[in-house]
Amino acid sequence: MQIKHSSDLIKSTIALVDLSLMTAAFYLAYWSRFGNFANANEFIWLYYFSAPLIIFLLLRHGVLTGFRYQKLRDIVKSTVVAFLVAGIVSSTVIYLSKTADYSRLLFVNYFAFSAAFILIEKVIVKKIFDSYLQRGGMNIRIAVVGFGPRFDELMAELKERPQWGISPVLVIDPRRGADISDISSSIRDTVIDEVYIVYPRDVAYHEQLDKLLIALEKLGLPVRLALNFDDLRGYYSQQYCSIGSRAGVMLAPHNLDPDQLIIKRAMDVIGSAFGLLALLIMLPIIALAIKRESPGPVFFIQTRVGKGGREFSIYKFRSMYRDAEQRKSELQAHNLHEGPLFKMNNDPRVTRVGQFLRKYSLDEFPQFWNVFKGDMALVGTRPPTLEEVASYEDHHYRRISIRPGLTGLWQVSGRNEVTAFDDVVALDVDYIKNWNLWLDLKIILRTIGVVVLPGRGKGL
């Protein structure tokens, strides 16, 4: 059975207020653009499309409810980000659909007014809520049972945040001779709303804890039991999850969450579609050039390792002679990289056409098909070969926990200058930890700059 931790009624009310403000913003934007409300229904689709998207993003960023534990600046930042993402998505849909009834000024005014109205609303609600808590509203009297570093951190946090309205009126250290009946009696004889239990992880499932939970259940008090996995430094977050029909905790490393994966995949599909159109245009010319210089196939197909160790076939325009793989071992001494990666200056296996293709990264264009299929992403980590993965140490596998990319942070950071493989992995992990939509857009823009101006030395 699940316990509700927030009011759906409050959330729905705030969502209705947001929708009302966006409705007012639309008609104000329309009036400021046309000076009247005639024919407004011809443009109302903009509101019908964008309003649900904005509400979803506000919910996703936690600014429909949850003001108790958020700072005002975080609420403002999350609201601005929600509107920026909604604006980008809406403008992209309008552009791709070639909508005839479209006014740029109406679009800009509508989003500007909506953002302004809702920002003002969020600030007012936050101020009112903080004032209510500071006057003693929603005061929750708690008993805190436990000890250890996590316990000390919680007590310090509650002391520093009186605006949360949480008052630890009873603090019990179970090591000080108190048995279960004593702890239960102390809590029963005090006015308590909730019980917080914060034990160190090495005693979290001790027999005493089981007996304490049974005793508290008899008192009818809700219990918040702290998760004590913070000392597992490799993990980024602790999230509630389901294990079959049972409740559990997922220790999530620095990976993209489901919403981020959806946004990233949508961008991959749109971007790869444009890339495939460009590929169709240049294919006949490049194929003829490759065939005329050296015998062999137009495409180079090789097995690479993708997300989670999945194998897939990567496609590139052939830029080397047919015996390139056989000659690799004799050139190993000229490798610029330390570790499993191989790259050398003036590689004799590369054809003249291949040199041109590589200079402008044209040999990579067939990989847009890999992106469209889902083997790869537009931006990610470099897809390794089977030979490279076979030589990985355990910490190297972190880089194949996401889809590999057509370009990435390493490629635009001067890959010829980063020669140690551990440094390459560090860049990949840094990308995984800090992923956001803006980082991908920044890398894509830098990649375009590198392709257009290959002389800058940061090729793909």
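Heavy-atom basis, side chains included; hydrogens, waters and symmetry copies ignored.
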Rounded to the nearest 0.5 Å, what's the gap from CD1 on I402 to CE on M376? Could you check? 11.0 Å

Using a 4.5 Å cut-off on heavy atoms from C-beta on, say whether the side chain of L279 contacts that of P366. yes

Is any NZ, NE, NH1 or NH2 atom of the basic residue among E121 and K126 found under 4.0 Å from an Asp or Glu carboxylate oxygen of the other? no

Rounded to the nearest 0.5 Å, what separation is found between the OG1 atom of T381 and the CD1 atom of I432? 6.0 Å

For residues 307-317, pull every pair meeting side chain to side chain donor-acceptor pair (under 3.5 Å), keeping only residues two or more places apart or in separate chains. none

When rounded to the nearest 0.5 angstrom, what distance separates CD1 in I187 from CD1 in I172? 4.5 Å

Using side chain to side chain contact (heavy atoms under 4.5 Å, CB included), reason through I192 and I142 one step at a time and then give a plain yes or no. CA-CA 5 Å; I192 295 296; I142 67 169; 5.7 Å; no

K442, NZ: over 12 other non-hydrogen atoms inside 6.0 angstrom: no

Residue F299 excluded, over 12 heavy atoms near CZ under 6.0 Å: yes

What pair of heavy atoms forms the shortest contact from L57 to A86, and how long is it? CD1-N, 3.7 Å

Decide yes or no on side chain to side chain contact (heavy atoms under 4.5 Å, CB included) for I263 and M267, but give the supporting numbers first. CA-CA 6 Å; I263 295 171; M267 187 169 67; 5.7 Å; no

Would you please name every residue forming a side chain to side chain donor-acceptor pair (under 3.5 Å) with R318, sequence neighbours left out? S294

D428 side chain near L409 side chain, heavy-atom distance below 4.5 Å: no

D268 side chain vs L378 backbone, donor-acceptor pair below 3.5 Å: yes

So I54 and F49, side chain to side chain contact (heavy atoms under 4.5 Å, CB included) or not? Walk me through it. CA-CA 9 Å; I54 293 171; F49 172 80; over 6 Å; no

Working to the nearest 0.5 angstrom, can you tell me the gap between I55 CD1 and I118 CD1? 6.0 Å

Side chain proximity check, W31 to F37, heavy atoms < 4.5 angstrom: yes

Show your reasoning for whether side chain to side chain contact (heavy atoms under 4.5 Å, CB included) applies to Y196 and I166. CA-CA 11 Å; Y196 289 12; I166 301 174; 3.8 Å; yes

At what distance, to the nearest 0.5 angstrom, does CZ of F368 lie from CG of L276? 7.5 Å

Salt-bridge test for D18 and K122: reply yes if a basic N is under 4.0 Å from a carboxylate O, no otherwise. yes

Please set out all donor-acceptor pairs under 3.5 angstrom arising from side-chain atoms of residues 76-84, sequence neighbours excluded.
{"residue": "S78", "atom": "OG", "partner": "D74", "partner atom": "O", "Å": "3.0"}
{"residue": "T79", "atom": "OG1", "partner": "I75", "partner atom": "O", "Å": "2.8"}

S167 meets the side chain to side chain donor-acceptor pair (under 3.5 Å) criterion, sequence neighbours left out, with N139

Side-chain touch I314/Q367, heavy atoms, less than 4.5 angstrom: yes

Should E388 and R382 be marked as a salt bridge (charged side-chain N to carboxylate O under 4.0 Å, His left out) after you check the CA-CA gap, both sets of side-chain angles, and the distance that decides it? CA-CA 11 Å; E388 291 171 18; R382 177 187 171 275; 2.9 Å; yes

With no hydrogens and no angle check, just 3.5 Å: does a side-chain donor-acceptor pair link Y199 and R150? no

Please identify each residue that fulfils side chain to side chain donor-acceptor pair (under 3.5 Å) with D440, with sequence neighbours left out. K264, Y431, W435

Sequence neighbours left out, what pairs pass side chain to side chain donor-acceptor pair (under 3.5 Å) with at least one residue falling in residues 106-119? S32-N109, S50-Y110

Okay, side chain of N434, backbone of D430: is any donor-acceptor separation there less than 3.5 Å? yes

Whether R141 side chain and V169 backbone form a donor-acceptor pair below 3.5 Å: no

Heavy-atom closest contact (P297 atom, I290 atom, distance): O-CG2, 4.1 Å

Does S90 use its side chain to pair, donor to acceptor, with the backbone of G87 at less than 3.5 Å? no

Could you go step by step and tell me if F107 and F111 meet the ring-ring contact (aromatic ring centres under 6.0 Å, His included) rule? CA-CA 6 Å; F107 180 90; F111 273 91; 4.8 Å; yes

Minimal non-hydrogen separation, L21 against F117, with atom names: O-CD1, 3.6 Å

Might you work through the ring-ring contact (aromatic ring centres under 6.0 Å, His included) test for F34 and F43, ending with a clear yes or no? CA-CA 12 Å; F34 298 103; F43 295 87; 5.5 Å; yes

Hey, does the side chain of R304 reach the backbone of P383 with a donor-acceptor pair shorter than 3.5 angstrom? yes

Min side-chain heavy-atom separation V198-V145 under 4.5 Å: no

Close side-chain approach of R358 and E364, heavy atoms under 4.5 Å: no

Taking it one step at a time, do F317 and F300 satisfy ring-ring contact (aromatic ring centres under 6.0 Å, His included)? CA-CA 6 Å; F317 282 123; F300 172 73; over 10 Å; no

Heavy-atom check, side chain of D193 versus side chain of L221, under 4.5 Å: no

Between atom OH of Y392 and atom CD1 of I400, what is the distance when rounded to the nearest 0.5 Å? 6.0 Å

